[in-house]
S.K.: 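Handing you this structure, nothing more for now.
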Amino acid sequence: MTPTAQAGLDAAILDYNGVIGLQPTTDQWLRLTRTALWPDDDLPTFQDAFWNARSAYDAGQLSDLAYWATVLGHHPGARRLRELRDADTDMWTSTDDRVVEVLHYAHESGLPLVLLSNAPCHLSNVLDRHLWRRLMNHAFYSARLQVCKPDPAAYQHAMNATGAADPHRVLFVDDRADNCHAAGRLGLRTLHYTGRPADLAAALQSPN
């Protein structure tokens, strides 16, 4: 099943992590905890610290140093800071080839694709160098926008880039229900993505 530009859509806006990007593995999380000199048997506590400051980091309100100092509770030092940033970035750069294939068909059909991702600055720069990024007409990252989904302003940046006059002719795809609900309140058509590329292909073809 391949999407076409005649799908009743003027454009699609896609999240990165959990849609194009695969979720981190346990081994990747453990590599990060070891880099942080955190006990392996206390991964849940590390993840709580990691996520508690993440929104501010993703929004560009914290530097790499400020973020990791907040997570760890102390200054990590220049060398360990680089290692933490690299291990963190590595967790988010594996992509789902099945989704990329669907997006290739959409791109070739002429359907404009826009990326809208909550991501810190360094990760944004790395993602922009990946081959799949060429499928996107535009890419917006929270650290550059200084606002994260589900803030309406984040969606508006992406909507403006599509050039679409009717938000219901734009499909928004995200693995988080709250982000989809926020997009729906702005009139966007939504797909809460649950890991099934066939669902994405079908949504890109939907005539409704």
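Numbers here simply count residues along the sequence, with the first being 1. Computed over heavy atoms, backbone and side chain alike; hydrogens, waters and symmetry mates excluded.
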S.K.: With side chains defined as the heavy atoms from C-beta onward, is the minimum distance between His107 and Leu111 less than 4.5 Å?
M.R.: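 No; the side chains remain at least 4.5 Å from each other.
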
S.K.: Consider only side-chain heavy atoms of I, L, V, M, F, W and Y, link residues closer than 4.5 Å, and tell whether Leu115 and Val102 are in one cluster.
M.R.: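 Result: yes, single cluster for both.
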
S.K.: Output, in order, the C-alpha distance, side-chain angles, deciding distance and verdict of salt bridge (Lys or Arg N to Asp or Glu O under 4.0 Å) for Arg176 and Asp15.
M.R.: CA-CA 9 Å; Arg176 287 181 49 171; Asp15 177 37; over 6 Å; no

S.K.: Could you walk me through whether Asp96 and Arg98 satisfy the salt bridge (Lys or Arg N to Asp or Glu O under 4.0 Å) test, starting with their C-alpha distance in whole Å, then the side-chain angles of each, then the deciding distance to 0.1 Å, before giving a yes or no?
M.R.: CA-CA 5 Å; Asp96 188 332; Arg98 302 168 303 164; 2.8 Å; yes

S.K.: If you compare all heavy atoms of Pro112 against all heavy atoms of Asn137, which two are closest, and at what distance to 0.1 Å?
M.R.: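 The pair with the smallest heavy-atom distance is CA-OD1, 3.4 Å.
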
S.K.: Which pair of non-hydrogen atoms, one from Leu32 and one from Leu84, has the smallest distance, and what is that distance?
M.R.: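 Here Leu32 and Leu84 meet closest at CD1-O, 3.7 Å.
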
S.K.: What verdict does the side chain to side chain contact (heavy atoms under 4.5 Å, CB included) test give for Leu200 and Leu103, after you've listed the backbone C-alpha separation in whole Å, the side-chain angles of each residue and the deciding distance to 0.1 Å?
M.R.: CA-CA 9 Å; Leu200 176 60; Leu103 297 181; 4.3 Å; yes

S.K.: Give a yes-or-no answer on whether the side chains of Arg54 and Tyr67 include a donor-acceptor pair shorter than 3.5 Å.
M.R.: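 Note: Arg54 and Tyr67 side chains meet the donor-acceptor criterion.
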
S.K.: Hey, quick one: are Val19 and Leu135 part of the same hydrophobic cluster, counting side-chain heavy atoms closer than 4.5 Å, chains of contacts allowed?
M.R.: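 Yes, Val19 connects to Leu135 through the hydrophobic network.
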
S.K.: If we ignore hydrogens and angles and just use 3.5 Å, is the side chain of Tyr155 paired with the main-chain N or O of Asn179 as donor and acceptor?
M.R.: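 At least one qualifying donor-acceptor pair exists.
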
S.K.: Give the C-alpha distance, both sets of side-chain angles, the deciding distance and a yes or no for side-chain hydrogen bond (donor to acceptor under 3.5 Å, both in side chains) between Asp42 and Thr45.
M.R.: CA-CA 6 Å; Asp42 199 15; Thr45 302; 2.7 Å; yes

S.K.: Below 4.0 angstrom, N of the basic side chain to O of the carboxylate: do Asp90 and Arg31 qualify?
M.R.: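 Salt bridge between Asp90 and Arg31, a charged N being under 4.0 Å from a carboxylate O: yes.
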
S.K.: Check for me, please, whether Leu123 and Phe140 land in the same ILVMFWY cluster - side-chain distances under 4.5 Å, paths through other members count.
M.R.: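 No.
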
S.K.: Counting only heavy atoms not in His181, do more than 12 sit closer than 6.0 Å to its NE2 atom?
M.R.: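 Open.
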
S.K.: Taking Arg144 first and then Asp128, would you say they form a salt bridge - that is, a charged N and a carboxylate O separated by under 4.0 Å?
M.R.: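 Salt bridge: yes.
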
S.K.: Would you say Leu37 and Arg34 make side-chain contact, with heavy atoms under 4.5 Å?
M.R.: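 No. Closest side-chain heavy atoms not under 4.5 Å.
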
S.K.: Does the side chain of Leu171 come within less than 4.5 Å of Val173's, by heavy atoms?
M.R.: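 Side chain of Val173 against side chain of Leu171, heavy atoms only: contact under 4.5 Å found.
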
S.K.: So which atom in Ser94 and which in Tyr16 form the shortest heavy-atom distance, rounded to 0.1 Å?
M.R.: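 Looking at all heavy atoms of both residues, the closest pair is O-OH, 3.8 Å.
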
S.K.: Take a 6.0 Å sphere around CZ of Arg196 and say whether it holds more than 12 heavy atoms from other residues, nucleotides or ligands.
M.R.: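 Not buried by this count: 12 neighbours or fewer within 6.0 Å.
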
S.K.: In terms of hydrophobic clustering (I, L, V, M, F, W, Y; side-chain heavy atoms under 4.5 Å; direct or indirect links), are Tyr57 and Val147 co-clustered?
M.R.: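 No, no single cluster joins them.
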
S.K.: Thr89 and Asp86: side-chain donor and acceptor closer than 3.5 Å?
M.R.: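 No - no donor-acceptor pair under 3.5 Å links their side chains.
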
S.K.: Count I, L, V, M, F, W, Y as connected when their side-chain heavy atoms are under 4.5 Å apart, and connections chain through other members. Are Leu116 and Trp92 then in the same cluster?
M.R.: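 No, Leu116 does not connect to Trp92 through the hydrophobic network.
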
S.K.: Side chains of Gln23 and Asp175: does their closest heavy-atom pair fall under 4.5 Å?
M.R.: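 Yes, side chains in contact.
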
S.K.: If we only count heavy atoms from C-beta on, is the Phe46 to Asp48 side-chain gap below 4.5 Å?
M.R.: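 No, every pair of side-chain atoms sits at 4.5 Å or beyond.
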
S.K.: Could you check if a side-chain atom of Phe172 sits within less than 4.5 angstrom of a side-chain atom of Leu186, using non-hydrogen atoms only?
M.R.: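 In short, these two side chains do not touch, never coming nearer than 4.5 Å.
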
S.K.: To the nearest 0.5 Å, how far apart are NE2 in His168 and CG in Asp10?
M.R.: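 Output value for this atom pair is 11.0 Å.
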
S.K.: Quick test of your reading of the model: are Asp178 and Lys149 salt-bridged, counting only N-O distances below 4.0 Å?
M.R.: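 Answer for the salt bridge query: no.
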
S.K.: His75: what forms a side-chain contact (heavy atoms from CB on, under 4.5 Å) with it, not counting sequence neighbours?
M.R.: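 Result, side-chain contact (heavy atoms from CB on, under 4.5 Å) vs His75: Leu65.
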
S.K.: Looking at Phe50 versus Trp38, is the centre-to-centre ring distance below 6.0 Å?
M.R.: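 No, too far apart.
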
S.K.: Give the minimum heavy-atom separation between Ala12 and Leu204, together with the two atoms involved.
M.R.: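 Closest heavy-atom pair between Ala12 and Leu204: CB-CD2, 3.9 Å.
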
